[in-house]
Amino acid sequence: MACIYGDVNRIETTGASQQTANQDNLSMQGVSASHELARTDLSRVNQYKDAIQRAAQDHQIDPAVVAAIISRETRGGSPHVMSDGWGDHGYAFGLMQVDKRHHKPEGEWNSQQHINQGTKILASFINQMKAKFPSWSKEQQLKGGIAAYNCGDQRVCSYEGIDSSTTGRDYSNDVVARAQFYKRNGF
């Protein structure tokens, strides 16, 4: 599949912060923590592999990135993260946690329609980064789009501070590291 948004394996990443790693009481942080979190979620994420691959193909995004967002947002659909498909204090819906304050959620929380919507939103943010930062490489724009998926495009102001406004101040770095893991594990 052609991914027009760059190669996730070419993106440098610092991985998960200790705050994010603490979700699983990990004593490590960084890329190894992101990989361990992704490994923990792998069997749940694999349940949606076909839907992830279809959405990724439709939007020309690496399916590993979509899988990584599902891992980061909901731990692969863990019932410990959501209640009836809702998380983030009732503001975010589904595997990809589409924020109802900015988008009208589509489909059931774990449906193809929902994954398509989340992937389309991600593609839109990557395109916004391309317009906002035309001198960035495709990989930088991809990482910027991942950060914007979490905090909005207006809060991504520089590559050096890409995660300064994201949850845990590590969102894009953690998602990239998880995507690199998923890329090596069937996505």
So how far is it from [X] [atom1] to [Y] [atom2], rounded to the nearest 0.5 Å?
X	Y	atom1	atom2	answer
Q18	S27	CD	OG	7.5 Å
D62	L122	CG	CG	10.5 Å
K138	I126	NZ	CD1	11.5 Å
I52	Q47	CD1	CD	10.0 Å

Problem - D163, T13, N173 screened by side-chain hydrogen bond (donor to acceptor under 3.5 Å, both in side chains) with K143, the one that passes - result: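 Answer after filtering D163, T13, N173: N173.
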Exercise for the section: Evaluate side chain to side chain contact (heavy atoms under 4.5 Å, CB included) for T14 paired with Q29, printing each intermediate quantity in order. Expected result: CA-CA 9 Å; T14 56; Q29 62 183 355; over 6 Å; no
Handout entry: Sequence-distant partners of N150, side chain to side chain donor-acceptor pair (under 3.5 Å), two or more places apart
Key =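 Scan of N150 (side chain to side chain donor-acceptor pair (under 3.5 Å), adjacent residues dropped) gives T167.
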Compare every heavy atom of [Y] with every heavy atom of [X], then report the nearest pair and how far apart it is.
X	Y	value
H103	P105	O-CD, 3.2 Å
A16	S34	N-OG, 2.9 Å
A38	S71	CA-OG, 4.0 Å
V156	A147	CG2-CB, 4.0 Å
M96	Y149	O-OH, 2.6 Å
A67	V45	CB-CG1, 3.7 Å

Name every donor-acceptor pair, under 3.5 Å, that has one atom in a side chain of residues 84-92 and the other anywhere in the protein, sequence neighbours excluded.
none

Problem - Qualifying ring-ring contact (aromatic ring centres under 6.0 Å, His included) pairs with a residue from residues 120-142, counting only residues at least two apart or across chains - result: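 Matches after skipping sequence neighbours: F133-W136, W136-Y159.
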Practice task
Hey, could you give me each pair passing ring-ring contact (aromatic ring centres under 6.0 Å, His included) that has a residue in residues 42-82? Not counting sequence neighbours.
Solution key: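 Sorted pair list comes back empty.
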Handout entry: By salt bridge (charged side-chain N to carboxylate O under 4.0 Å, His left out) - contacts of R39 (at least two apart)
Key =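 R39: salt bridge (charged side-chain N to carboxylate O under 4.0 Å, His left out) contacts with E36.
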Problem - With R10 via salt bridge (charged side-chain N to carboxylate O under 4.0 Å, His left out) - residues at least two apart - result: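 Testing R10 for salt bridge (charged side-chain N to carboxylate O under 4.0 Å, His left out), a comparison that skips the adjacent residues, returns E139.
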Handout entry: Check: T20/D174 side-chain N/O donor and acceptor closer than 3.5 Å
Key =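 Side chains of T20 and D174: no pair found under 3.5 Å.
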Handout entry: Y171 and E73: side chain donor to acceptor below 3.5 Å
Key =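 Judged by distance alone, the side chains do pair up.
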Do [X] and [Y] make a side-chain contact, defined as non-hydrogen atoms from C-beta onward lying under 4.5 Å apart?
X	Y	answer
F187	V65	no
K120	Q117	no
S17	R169	no
L95	H114	yes
D58	T119	no
T40	R75	yes
D50	Q53	yes
I70	D41	no

Exercise for the section: Report whether V31 and I11 are members of the same hydrophobic cluster (ILVMFWY, side-chain heavy atoms less than 4.5 Å apart, transitive linking). Expected result: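 No, V31 and I11 fall in different hydrophobic clusters.
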Handout entry: Path from M28 to V175 over hydrophobic side-chain contacts below 4.5 Å
Key =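 Hydrophobic grouping puts M28 apart from V175.
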Exercise for the section: Given side chain to side chain contact (heavy atoms under 4.5 Å, CB included), test Q57 with R54 step by step and report yes or no. Expected result: CA-CA 5 Å; Q57 184 170 352; R54 280 192 293 274; 5.9 Å; no
Problem - Partner of R72 by side-chain contact (heavy atoms from CB on, under 4.5 Å), out of D170, L37, I146 - result: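 Testing R72 for a side-chain contact (heavy atoms from CB on, under 4.5 Å) against D170, L37, I146 leaves exactly one candidate, D170.
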Handout entry: Heavy-atom donor-acceptor pair, Q60 side chain to A123 backbone, under 3.5 Å
Key =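 No, the answer is negative, given that no donor and acceptor are paired below the 3.5 Å cut-off.
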Practice task
Measure from the side-chain N and O atoms of D24 to the backbone N and O of L26, and report whether any donor-acceptor pair falls under 3.5 Å.
Solution key: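 Checking the backbone N and O of L26 against the side chain of D24, no donor-acceptor pair under 3.5 Å is found.
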Handout entry: Neighbour count above 12 (heavy atom, 6.0 Å) for E108 CD
Key =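 Open.
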Handout entry: Greater than 12 external heavy atoms within 6.0 Å of E12's CD
Key =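 No, CD of E12 has 12 or fewer neighbouring heavy atoms, counting only those of other groups under 6.0 Å.
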Problem - Basic-acidic side-chain contact under 4.0 Å: K132, D153 - result: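 No, no charged N to carboxylate O under 4.0 Å.
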Practice task
Identify whether the distance between the nearest side-chain nitrogen and carboxylate oxygen of K183 and D7 falls below 4.0 Å.
Solution key: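 Salt bridge: no.
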Handout entry: Verdict with reasoning, Q128 to S124, per side chain to side chain donor-acceptor pair (under 3.5 Å)
Key = CA-CA 6 Å; Q128 289 172 31; S124 173; 3.2 Å; yes
